[in-house]
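Comments concern the structure below.
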2 protein chains.
Amino acid sequence: MQNILASIKIPVNQNLFLKDPSTSELGQKIIDGSIALMNQLGFERFTFKKLAIEIQTTEASVYRYFESKHKLLLYLINWYWGCIATRITLETRNIELPEQKLKKTIHILTALPNPEIDSLISNELALKEIIINESAKVLITKDVDEENKVGVFSVYKTLVSNVAAIINEVNRDYPYPNMLASSMIEGSNQQRFFAAHLPKLTNIKEDSDFVESFYLDLIFNTLKK
Amino acid sequence: MQNILASIKIPVNQNLFLKDPSTSELGQKIIDGSIALMNQLGFERFTFKKLAIEIQTTEASVYRYFESKHKLLLYLINWYWGCIATRITLETRNIELPEQKLKKTIHILTALPNPEIDSLISNELALKEIIINESAKVLITKDVDEENKVGVFSVYKTLVSNVAAIINEVNRDYPYPNMLASSMIEGSNQQRFFAAHLPKLTNIKEDSDFVESFYLDLIFNTLKK
DNA sequence: TCAAACATAATAGTATTACTATTACATTTG
DNA sequence: CAAATGTAATAGTAATACTATTATGTTTGA
């Protein structure tokens, strides 16, 4: 499969930027540069000044596009989940069997992206690492209610409810489809962080990838009637 | 049950403080005050200056005990998991049946503490809320490797491995006990955050508490042979 | 064609906050 | 009772998130 999605416009909530970065050259440089630099430094150490130096512009110019680094990270996260949601829709469209559909969905959500095969964007792996490492910092915040009000999380909520629907196709009576979906999505990223830094919290041995297997086992056992 | 644990000394890693707060009156005021204030303001808005004003001391005095607010939060988290680990040990000691032991463990880890019955400390609920809301901010960091080196997470790792052992008592062949344990511990807190702020990511209706039921169902179905 | 209107970018700041160096006061101990 | 030690207060510095203002193109309409 080629980069079909590269040409598909992923809509991102208007409240996340001052000026749409996809409409200008500098905007694109801000996005690409921030993915690289934020992944390299981490959210705390990442600053607009360092970004500006990196992409050869000024701090204030970055502020023309994003009112804060918090909003910039939200933009990246939003865009990422938009891509994933689109991938699930496209790649499960022609699958009839609910079990196969769910299996594919679990794969998309929990496996590491293969840059050769299913990469949506040039730096998907770097972006995924940002999701793994930094998501919690903007999601688990005192401001979450206000941000939720302006629709910042609607993309994510739609994704969870779509996955929940696929879960219910496999077992109509399962009472916690949304919890199962959201805990898989969040948990798989967290398990990856643990595997890299606190491996004693996991059962990942050497280089074999146990995250996808863990969730396949967990979810299909739970949904078994 | 009374506050048996109030008299039990919970050991906290020496690297987390400059001066042990449990050894002085001001130290105790710093702990109690920071639990209240951090819960109220959130980690970002919480500062040592605000804390100092609240407990009628000075910013510098607080720095005598903790070298940063990051370390202070780590201290609180460490202490909390120390309490929980002790509770699990004590409250499952006399249970013979592995299934009953696991059921009790899941209850301790996923249910909200009942202030009347099983409260370890005066402000356990406030501390639990801090764990729910702020844990990720100190755990998911670029510094995690260095902090892990000095043993900051050993309490938490022991807890996970104890729960994993209880899981394996129920099913010896289950291949992912640590992942199941850590994803329950982290996931239950996250689901509580979602329930409060992004309820569409959960299946919690009204005031009934679905978190414990969700994990009971999930884990016992997964471990069924 | 040319200047008014607007978009974009650069300069030079301010306010906040995490953290520290130094000094002062109080308490314990031989 | 004085030396040693523990504890607290004052007055900073450095970093960083963010802003106010000015400068430089770019487009648009008579």
Side-chain angles (χ1 to χ4, degrees), chain A residues 14-34 37-38 40-76 130 134 137-138 141-143 146-147, chain B residues 14-34 37-38 40-77 130 134 137-138 141-143 146-147 152:
Chain A
Q14 298 274 327
N15 296 300
L16 290 175
F17 51 77
L18 298 171
K19 176 176 153 66
D20 191 339
S22 68
T23 61
S24 81
E25 204 179 328
L26 181 64
Q28 268 307 319
K29 275 168 74 181
I30 288 172
I31 298 303
D32 294 342
S34 62
L37 197 64
M38 201 182 285
Q40 185 189 322
L41 300 177
F43 184 66
E44 286 81 5
R45 287 189 251 268
F46 171 90
T47 69
F48 278 2
K49 188 164 247 163
K50 289 172 186 168
L51 173 64
I53 292 166
E54 190 76 17
I55 61 175
Q56 308 218 35
T57 180
T58 63
E59 207 187 352
S61 300
V62 181
Y63 276 102
R64 297 282 147 184
Y65 288 84
F66 294 99
E67 71 178 73
S68 67
K69 69 172 181 174
H70 180 92
K71 287 260 169 100
L72 168 58
L73 177 51
L74 274 175
Y75 177 92
L76 295 178
I130 291 175
E134 322 293 353
K137 289 164 198 168
V138 289
T141 309
K142 288 275 172 188
D143 303 314
E146 279 176 41
E147 280 162 357
Chain B
Q14 298 274 328
N15 295 302
L16 290 175
F17 51 76
L18 298 171
K19 176 176 155 65
D20 191 339
S22 68
T23 62
S24 81
E25 204 179 328
L26 181 65
Q28 268 306 320
K29 275 169 76 181
I30 288 173
I31 298 302
D32 294 341
S34 63
L37 196 64
M38 202 182 284
Q40 186 188 321
L41 300 177
F43 184 66
E44 286 81 7
R45 287 189 253 267
F46 171 89
T47 70
F48 278 3
K49 189 164 247 163
K50 288 173 186 168
L51 173 64
I53 293 167
E54 190 76 16
I55 62 175
Q56 308 220 32
T57 181
T58 63
E59 206 186 352
S61 300
V62 181
Y63 277 103
R64 297 280 149 184
Y65 288 84
F66 294 99
E67 72 178 73
S68 67
K69 70 172 183 175
H70 180 92
K71 287 259 169 101
L72 167 57
L73 178 51
L74 274 175
Y75 177 92
L76 295 178
I77 292 170
I130 290 176
E134 322 293 353
K137 288 164 199 168
V138 289
T141 311
K142 288 275 173 188
D143 303 314
E146 279 175 41
E147 280 163 356
V152 166

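Below, chain A is the first sequence line, B the second, and so on; all start at residue 1.
- For B/Lys19 and D/dG6, the shortest distance from a side-chain N or O to OP1 or OP2 is not below 4.0 Å.
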Close N/O contacts between protein and nucleotides 13-15 of chain D (under 3.5 Å):
none

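- In this structure a side-chain-to-backbone donor-acceptor pair under 3.5 Å is missing from B/Lys50 to B/Leu37.
- Separating the CG atom of B/Asp20 from the P atom of D/dT7 is a distance of 11 Å, rounded to the nearest angstrom.
- Put simply, CD on B/Glu25 is 15 Å from C1' on C/dT27, counting in whole angstrom units.
- A donor-acceptor pair under 3.5 Å is absent between the side-chain atoms of B/Lys71 and the main chain of B/Phe66, judged by distance alone.
- Among the candidates B/Val62, B/Ile31, B/Asp32, the single residue satisfying the side chain to side chain contact (heavy atoms under 4.5 Å, CB included) test with B/Pro21 is B/Ile31.
- For B/Ser61 and D/dA9, the shortest distance from a side-chain N or O to OP1 or OP2 is below 4.0 Å.
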Steps toward side chain to side chain donor-acceptor pair (under 3.5 Å) verdict (A/Glu147, A/His70): CA-CA 11 Å; A/Glu147 280 162 357; A/His70 180 92; 2.7 Å; yes
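- B/Ser22 OG to B/Ile30 CD1: the interatomic distance, rounded to the nearest 0.5 Å, is 12.0 Å.
- Relative to the six-membered ring of B/Phe43, B/Lys69 meets both conditions, a distance below 6.0 Å and an angle of at most 45° to the axis.
- Between B/Leu51 and B/Thr57, the closest side-chain pair of non-hydrogen atoms is not below 4.5 Å.
- Looking only at side-chain heavy atoms (C-beta outward), A/Tyr63 and A/Glu59 come within less than 4.5 Å of each other.
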Side chain to side chain contact (heavy atoms under 4.5 Å, CB included) assessment of B/Phe48 paired with B/Leu72: CA-CA 10 Å; B/Phe48 278 3; B/Leu72 167 57; 3.7 Å; yes
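- Taking the side chain of A/Lys69 as heavy atoms from C-beta on, and the options C/dT8, D/dA17, D/dA8, the nearest nucleotide is D/dA17.
- The distance from atom NZ of A/Lys71 to atom P of D/dA17 is 16 Å, rounded to the nearest whole Å.
- Across residues 45-58 of chain B, B/Thr57, B/Thr58 each have a non-hydrogen atom less than 4.0 Å from an atom of DNA chain D (numbered order).
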Side chain to side chain donor-acceptor pair (under 3.5 Å) assessment of B/Ser24 paired with B/Tyr65: CA-CA 10 Å; B/Ser24 81; B/Tyr65 288 84; 2.6 Å; yes
Anything under 3.5 Å between a protein N or O and an N or O of nucleotides 20-26 of chain C, put it in a table, one pair a line.
residue: C/dT22; atom: O4; partner: B/Arg64; partner atom: NH2; Å: 2.8

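- Side-chain contact between B/Gln40 and B/Arg45: absent, with no pair of heavy atoms (C-beta onward) separated by less than 4.5 Å.
- One interatomic measurement links the two molecules: OH of A/Tyr65 to P of C/dT8, which rounds to 6 Å at whole-angstrom precision.
- To the nearest angstrom, C1' of C/dA18 lies 14 Å from CE of B/Met38.
- Using a 4.0 Å heavy-atom criterion, one finds that B/Phe66 contacts no nucleic acid atom at all.
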